[in-house]
> 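To start, I am sharing the structure in question, which I have written as C-alpha cells.
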Amino acid sequence: MDERKLTIVLTMQNGVEGLAKTFESLRQQKEKAFQLILVCAPKDRETVEKEALSSFHAKLIESDANMRGALLNQAMQYVDTTYVMFMETGDTMNHHFIKKAMKVMEENPAATFVVGKSYCNNPLMTKTRKQHILSKLFIEEDTVYDLSQEYSALHTALDSSIFHSEMIKRIGFNETLPFEAGTDMVMKLLLEKPVYATVAKAEYEYFAPRENQVLYHVPSHDARWYHESLQSYLFPLLEYAKKTQKTIPAFLQNYCVYYVNCRMMANKDNRNKKVVLGKKLDTYLDLVQTLFLQIDDYYLLNQDELFYMTKNPEIRCMYLRIKYGKDQVAYTYQSVLDEENERDVEMCFHGLRISSLNKHRFTINVMNYIQGKVWIDGSLISIFQHGKVEYYAKFNGKEYPVVDTDAYSLTKYFGVPGYRRLTYHLEFPLDEKKTMQRITFYARIQGEEYQMKISFANHWAKLSKTPRYSYWRFHKYLCHHADNGITIKKATKTNVIKREIQFQLNLIKNHHKKDFAALGFRWLYWITYPWYKNKRIWLMLDKLYKGGDSCEYLYRYSAKFDDGITKYYLINENTSDYRKLKEDGYTPLKNGSLKHKLVFVHADIVLITNSHLFPFNGYNKSTSKYIRGLCNFGSMCLQHGLSVQKCAIAQRRIIDNTLMYFLASKFEYENLSKHAYGYQGFDILKLTGIGRYDGLINNDKKQILLSPTWRMYNALPVTTSEGEQRGYNPEFKNSTYFHVYNNLINNERLLRCAKAYGYKIKFLLHPILSSQLEDFTKNDELEVIPSVGDLSYEKILTESSLMVTDYSGVQFDFAYMRKPIVYFHPDVLPPHYDDGIFFYDTMGFGEICTKSEQLIDMLCEYMKTGCVMKEEYRKRADNFYAQNDHHNCERIYQEIMKFQKQIDIDKLRV
C-alpha cells in the first residue's frame, strides 16, 4: 500500500474509555501507512490528545455536534486520501485488517466498498466475541456481491468497511439522523452502485451492539428509533431510491422488512421498552402500514426463507394484517406432497406460501404421571384455525379431542398481542394389562386426516429428539418417542438397561464435549441410584445469590421434624446467607456442586419462590435434555411477590409444572383461577399464607423505606444463569427511572423533614438493579442499600415505620404488619405488569402520589403524626389477607406432607 491512501476517522460516541484499546489495535496493524483523524467533544480533548500524541501523528477535530452524521461530515472535510474507514472507540481490528482489505479493494475497482468479518466484543452482551448474523452468512470467503443479482446479501453497517472517499463526499452524511447516519450512507452507496467485496481474513470487532442485537442495542430505548426513524430516515431513503432508480430495488425492500423485524423483536413480550404506547403505538403502526404498502408481498412474507428475516408464519400473518387490515386477509389451503413426498396441507396468501402443516409440530411442554394417568400439556400453532382444522390424539383405540384451554400463550409486540397459540391439556389413563401403549397426534382438515410430528419444547416434556434414545422412566413404565408418537411400555430391568445403553452409546458417538460431560453424570446417577431411590427429597431455593425468602423460612421450620423427608436448601456458597445458615447449625446445599446435581434429579418436590426452575438449577434447554427423563418431580411455588397482577407470562401452571401454589389472599386465588394461568380445575391453589410472613413482627425504629420495583426494560438480560446477580448496565444512568428516583432521594425538603422529625431514610434497590448502586448520588442524610449481600429483608421491613413503593411485592409484607404505605406512581414510569385483580385506587394500602412534590408533602405529614396506618387502609388490609398470624410455614408444611403421600404411591414406595 502506497503512502496516505487510507484515512481512518475515529469518533467518540461510545465514550473515551475504549480509546486505548482501539489505539492498540491500530498500532498492531501490519500496514501502517494510514492517516488518522480523531473527532471528539471539547471536554474530551485532553484525554484524546494525550492518548493520540503518544501513539500517532493524528489530526484532532473538536466538535460540539451530537449527531454522528455532523461529526463525520466535519471529518470528511480533512480527508484527502483515496479511501476512508470509520471507527468508534472500543472497536478493534485484527493485525491484517487494513493490509488485506486494501488489497481486495484495489483488486476490485468496481466494488463500492470492501467489508471484513464483524464480531461484537461488548462484554455486556457476550463473554466471547459473537459474529454478526449478516457477517456469518455472507463473509465466509473473499467474494464480490452484486445486489442487483444477489439481493439477499444484506449489509447495513458503516464500520468494518473501507470506502471510496470521493463517493462519501459526494453523497454526504445526513446530519439530522440520531441513529442511522451510517446505514443511510451505506444504502445510498449501494443504490448508486450495488456491488461490494468481502475479505474473510479481515476481522473487525465492534463495541456498540447493532440493530438486530435487540437485547442490547441502545437506541431501542429511545422513542426516536421508531416514529422519527421511519419519517426522517426510511421514508426519505425510499423516495431517494425511487428518484435515482425509478423503483425500490429488491435488496432495499428486504432491508425494510429486516428494519421492522428489529424493532418488533426489541419490543417482544418482556423486552417491551414501553416508549411506544397507546396512541403513539397506533400512529407507529400506521407508519409501518405505509411502509409495508411499498413492499412487495414476496419480500414481506420472506419467500426466500432468509435466515436473518423472520420465518415465523405467525409473524408473516401479523404483517399481512398490518398491511391490509384484518378483514382483508384471507388464506387458501390445499393438499400437496412435501419435499419428502409425504401428504401435506399448504397455507397460502395470493399464491404465496405462508406455511404448511408438516412444518409444525404437536408441541409438548409438560408430561406428568399422576394417579395412574399420563398428563400432557402443550400448544399448537393457530394459523390453521382459519382452515377449520381439528386437532386430536389417539390412545388405546380412542380419540381425545384437543380443546383450547385458553391458557396464556400470547406473543406480544409493544405490549399488544400479535398472535397466540392454541393450548391444550390431555389425560391418558394407562392400562396396566397392556405391555405397550401408544399416543399419536393428528390434524383433520377438510375431512382428511394428517398425522402430526411431535416436538418436546420444554424441560418438563421429559423427552427430547436429541440425543437419540431419550426416555422417561416412571412408576412401572418406560416412555420414549418413536414413529411420530409416544410409546409407553412396561418397564423391566432389561428394557431400561437396553435403552440407557443406547442413549449412552449415542452420546459417545456424537463426540461433543457436552455429551461426554452428560455421559459422566449419568454414570454417577446410576451408581448412586440405589442410595437415592427411596429417599423422599425436598429441594428448596430462593434467589441463589440471596436467601431470606419463603423457602428459607420453610426450610428452617421443617428441618426440625423427623418425618422421613430429606430437606435441602440451595444457595451460593459465597453468600452471607449461606454462612449464616451454617452458623445456625444447618447444612445448606452448595449451588453448582455435584451433590446439588444429584439431589436435583432425585428430588420428589422442588420448592421455589421464583419462576423458571430449571435455569435456577443450572440447566438451559440445550443441557436439560440430558437429564429431563430422569426427573420425576413437580414444582411448588412459595412466591417471591403476590400474584395479583396480570403475570400469566411468568406464573402460569406449565412454566414450572406447578403442582401446588401457596397464596396469602383470596384475591390471588381469584386472579390465578382465570383460564390464562391454567390452574382452573386442579387442586393446586392453597390459601395457606406466605412463609416469610412468619418473621414479620413489628420492631419500629423510626425509619422511612423507599422500595420501588424494577423495570424489565432498564435491567440487563440474564447472560449467565438465574443464579447470578445481573451485571452493571452503563445505560441505566440515562433512564427515566434513574432520574426520577435519584432526584427524589436528593430532595432537600424531604431530607430536612426527616431530620426534623428524627427519621432515617433508606432507599432499597431491587435485587436486579442492585448492581447500579454506584450510579445514585450519595448524601449524608439517606442510605442507598442493595438488596443483596448481608441485607436482611426481615430486619429492614420490621424496623421501618413507613414504606414508599410503586408496585413492589414487598408492599404486601409491609401491609401484613399493618404499617402505612404510600404509593409513588409517576406517569413517566409505567409498570412492567398490568393490573390484574388488585387495583391501587380501591384496594391499595395507602395514598397514591403521581408527583414528587405531592409525595414529599405526604411523607412529611406522616412523619409529623408518627407514621400510623390510617383506619381506611387497615380495613383494606384486613379484607385482603386470608390469615393474620405467624403460622404460615406450618400450614404450608402440612399441605406438602399430604401431597407427599400421593408421590409415594406414584413412585411405588411402601
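No experiment lies behind these values; they were computed from the predicted model shown. One-based numbering along the sequence shown.
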> Just jot down the ring pair (Phe, Tyr, Trp, His ring centres under 6.0 Å) partners of Tyr532, sequence neighbours excluded, or say none.
His602
> With ring centroids as reference points, do Phe776 and Phe738 lie under 6.0 angstrom apart?
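Yes, they do, as the ring centres are separated by less than 6.0 Å.
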> Please tell me if the side chains of Leu570 and Val599 come closer than 4.5 Å, counting only heavy atoms from C-beta onward.
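When only atoms from C-beta onward are counted, Val599 and Leu570 do not touch, as no gap falls below 4.5 Å.
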> Please confirm whether the ring centroid of Phe814 lies under 6.0 Å from the ring centroid of Phe845.
no
> Decide yes or no for Ser643 and Tyr661: does some side-chain heavy atom of the first lie under 4.5 Å from some side-chain heavy atom of the second?
yes
> Testing the 3.5 Å rule here: is there a donor-acceptor pair between the side chains of Asn632 and Tyr369?
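There is no such pair between these side chains.
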> Who passes ring pair (Phe, Tyr, Trp, His ring centres under 6.0 Å) against Tyr553, sequence neighbours left out?
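For Tyr553 there are no ring pair (Phe, Tyr, Trp, His ring centres under 6.0 Å) partners, ignoring immediate neighbours.
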> Using a 3.5 Å distance criterion without hydrogens, assess whether the side chain of Asp542 forms a donor-acceptor pair with backbone atoms of Glu552.
yes
> For the ring-ring contact (aromatic ring centres under 6.0 Å, His included) test, which of Tyr816, Phe838, Tyr669 pairs with Phe880?
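With Phe880 as partner, Tyr816, Phe838, Tyr669 yield a single ring-ring contact (aromatic ring centres under 6.0 Å, His included), made by Phe838.
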> Is it true that, when you exclude Lys560 itself, more than 12 heavy atoms of the residues, nucleotides or ligands shown sit nearer than 6.0 Å to its NZ?
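Counting other residues, nucleotides and ligands, NZ of Lys560 exceeds 12 neighbours.
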> Once salt bridge (Lys or Arg N to Asp or Glu O under 4.0 Å) is applied, do any residues pair with Lys701, and if so which ones, sequence neighbours excluded?
Glu799
> The criterion is salt bridge (Lys or Arg N to Asp or Glu O under 4.0 Å); which residues satisfy it with Arg522, sequence neighbours excluded?
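Glu500.
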> Check whether Ser770 reaches the backbone of Pro786 with its side chain - one donor and one acceptor, N or O, closer than 3.5 Å.
no
> Donor-acceptor check, side chain of Asn368 to backbone of Ile370, threshold 3.5 angstrom: yes or no?
no
> Can you run down the salt bridge (Lys or Arg N to Asp or Glu O under 4.0 Å) pairs that involve residues 806-817, sequence neighbours left out, and say none if there aren't any?
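Residue pairs with at least one partner in residues 806-817: Arg692-Asp813, Arg711-Asp806.
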> Knowing that exactly one of Arg909, Lys898, Lys535 qualifies, which makes a salt bridge (Lys or Arg N to Asp or Glu O under 4.0 Å) with Asp904?
Arg909
> Which residue in the set Asn591, Asn610, Asp577 passes side-chain contact (heavy atoms from CB on, under 4.5 Å) when paired with Leu544?
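When Asn591, Asn610, Asp577 are each tested with Leu544, the side-chain contact (heavy atoms from CB on, under 4.5 Å) holds only for Asn591.
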> Of all heavy-atom pairs between Ala461 and Phe456, which one has the smallest distance, and what is that distance?
CB-CB, 3.8 Å
> Ring centres under 6.0 Å, that's the criterion: do Tyr840 and His825 meet it?
yes
> Are Lys762 and Glu783 side-chain neighbours, meaning at least one heavy-atom pair lies under 4.5 Å?
yes
> In chain order, what residues pass the salt bridge (Lys or Arg N to Asp or Glu O under 4.0 Å) check against Lys907, with sequence neighbours excluded?
Asp604
> Testing the basics here: between Arg652 and Tyr679, what is the closest heavy-atom pair and its distance to 0.1 Å?
C-OH, 3.6 Å
> Quick one: does any side-chain atom of Glu895 pair with a main-chain N or O of Ile892 as donor and acceptor, under 3.5 Å?
no
> Heavy-atom distance under 4.5 Å between the side chains of Ile837 and Met843, does that happen here?
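The answer is no, as the side chains (C-beta and beyond) never meet within the 4.5 Å cut-off.
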> Taking side chain to side chain donor-acceptor pair (under 3.5 Å) as the test, write out the residues that go with Lys580, two or more places apart.
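Lys580: side chain to side chain donor-acceptor pair (under 3.5 Å) contacts with Asp584.
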> State, with a plain yes or no, whether a side-chain heavy atom of Lys666 is found less than 4.5 Å away from one of Leu663.
no
> Name all residues meeting the ring pair (Phe, Tyr, Trp, His ring centres under 6.0 Å) criterion together with Tyr569; count only those two or more places apart in sequence or in a different chain, and write none if there are none.
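Listed in chain order: Tyr555.
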> Check Val374, Asp906, Leu908 against Phe474 for a side-chain contact (heavy atoms from CB on, under 4.5 Å) and give me the one that passes.
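Option passing the side-chain contact (heavy atoms from CB on, under 4.5 Å) with Phe474: Val374.
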> For Phe662, give me all partners under ring pair (Phe, Tyr, Trp, His ring centres under 6.0 Å), at least two apart in sequence or on another chain.
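With sequence neighbours excluded, Phe662 shows a ring pair (Phe, Tyr, Trp, His ring centres under 6.0 Å) to no residue whatsoever.
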> With heavy-atom distances below 4.5 Å as the criterion, would you say the side chains of Asp377 and Arg653 are in contact?
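Yes, side chains in contact.
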> Take Lys567 and Met540 through the side chain to side chain contact (heavy atoms under 4.5 Å, CB included) test and state the conclusion after the steps.
CA-CA 8 Å; Lys567 306 172 189 80; Met540 309 175 210; 3.9 Å; yes
> Measure the spacing between CG of Asn617 and CD1 of Ile608 and express it to the nearest 0.5 Å.
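Atom-to-atom, Asn617:CG and Ile608:CD1 are 7.0 Å apart.
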> With a 4.5 Å cut-off on side-chain heavy atoms, are Tyr893 and Asp563 touching?
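Result yes, sub-4.5 Å side-chain heavy-atom pair found.
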> In the structure I gave you, are the side-chain heavy atoms of Asp406 and Thr423 within less than 4.5 Å of one another anywhere?
no
> What heavy-atom pair brings Arg556 and Leu581 nearest, and what distance separates the two atoms?
NH2-CD2, 3.4 Å
> Sub-3.5 Å donor-acceptor pair from the side chain of Ser707 to the main-chain atoms of Thr805, do we have one?
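Side chain of Ser707 to backbone of Thr805: no pair is present.
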> Under the criterion side chain to side chain donor-acceptor pair (under 3.5 Å), I'd like the reasoning laid out for Ser611 against Asp656: C-alpha separation, chi angles, the key distance, then a yes or no.
CA-CA 7 Å; Ser611 55; Asp656 272 325; 5.1 Å; no
> How far does CZ of Phe899 sit from NZ of Lys686, to the nearest 0.5 angstrom?
9.5 Å
> Counting N and O atoms only, with roles assigned by atom type, does the side chain of Ser635 sit under 3.5 Å from a partner on the main chain of Leu607, one being a donor and the other an acceptor?
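It does not hold such a pair.
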> Show your reasoning for whether side chain to side chain donor-acceptor pair (under 3.5 Å) applies to Gln680 and Ser673.
CA-CA 5 Å; Gln680 196 173 63; Ser673 294; over 6 Å; no
> Can you give me the closest heavy-atom contact between Leu410 and Asp269, atom names plus distance?
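So the minimum-distance heavy-atom pair works out to O-OD1, 4.0 Å.
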> Go through Val822 and Phe824 one step at a time and tell me if the side chain to side chain contact (heavy atoms under 4.5 Å, CB included) criterion holds.
CA-CA 7 Å; Val822 178; Phe824 184 36; over 6 Å; no
> For Leu594 and Phe521, which heavy atoms make the closest approach, and how far apart are they?
CD1-CD1, 4.4 Å
> Looking at every heavy atom in both Gly691 and Ser550, which two are closest together, and how far apart are they?
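Looking at all heavy atoms of both residues, the shortest contact is N-OG, 3.5 Å.
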> Arg874: which residues meet the side chain to side chain donor-acceptor pair (under 3.5 Å) condition with it, sequence neighbours left out?
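Residues passing side chain to side chain donor-acceptor pair (under 3.5 Å) with Arg874: none at all.
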> With sequence neighbours excluded, give me every ring-ring contact (aromatic ring centres under 6.0 Å, His included) pair touching residues 631-652.
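Residue pairs passing ring-ring contact (aromatic ring centres under 6.0 Å, His included), neighbours aside: Trp460-Phe633, Phe600-Phe633.
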> Determine yes or no for a side-chain-to-main-chain donor-acceptor pair under 3.5 angstrom, with Gln883 supplying the side chain and Leu687 the backbone.
yes
> Between Thr709 and Ser808, is there a donor-acceptor pair closer than 3.5 Å when you use the side chain of the first and the backbone of the second?
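Pair absent, no side-chain N/O of Thr709 close to backbone of Ser808.
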> Mind checking what makes salt bridge (Lys or Arg N to Asp or Glu O under 4.0 Å) contact with Lys590, not counting sequence neighbours?
Glu573
> Treating Lys595 as the side-chain partner and Leu589 as the backbone partner, does any N or O pair qualify as donor plus acceptor under 3.5 Å?
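No; zero donor-acceptor contacts below 3.5 Å.
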> Yes or no on side chain to side chain donor-acceptor pair (under 3.5 Å) for Arg876 and Asn879, after CA distance, side-chain angles and deciding distance?
CA-CA 5 Å; Arg876 289 185 183 182; Asn879 183 50; over 6 Å; no
> Taking the side chain from Lys819 and the backbone from Leu797, do they hold a donor-acceptor pair closer than 3.5 Å?
yes
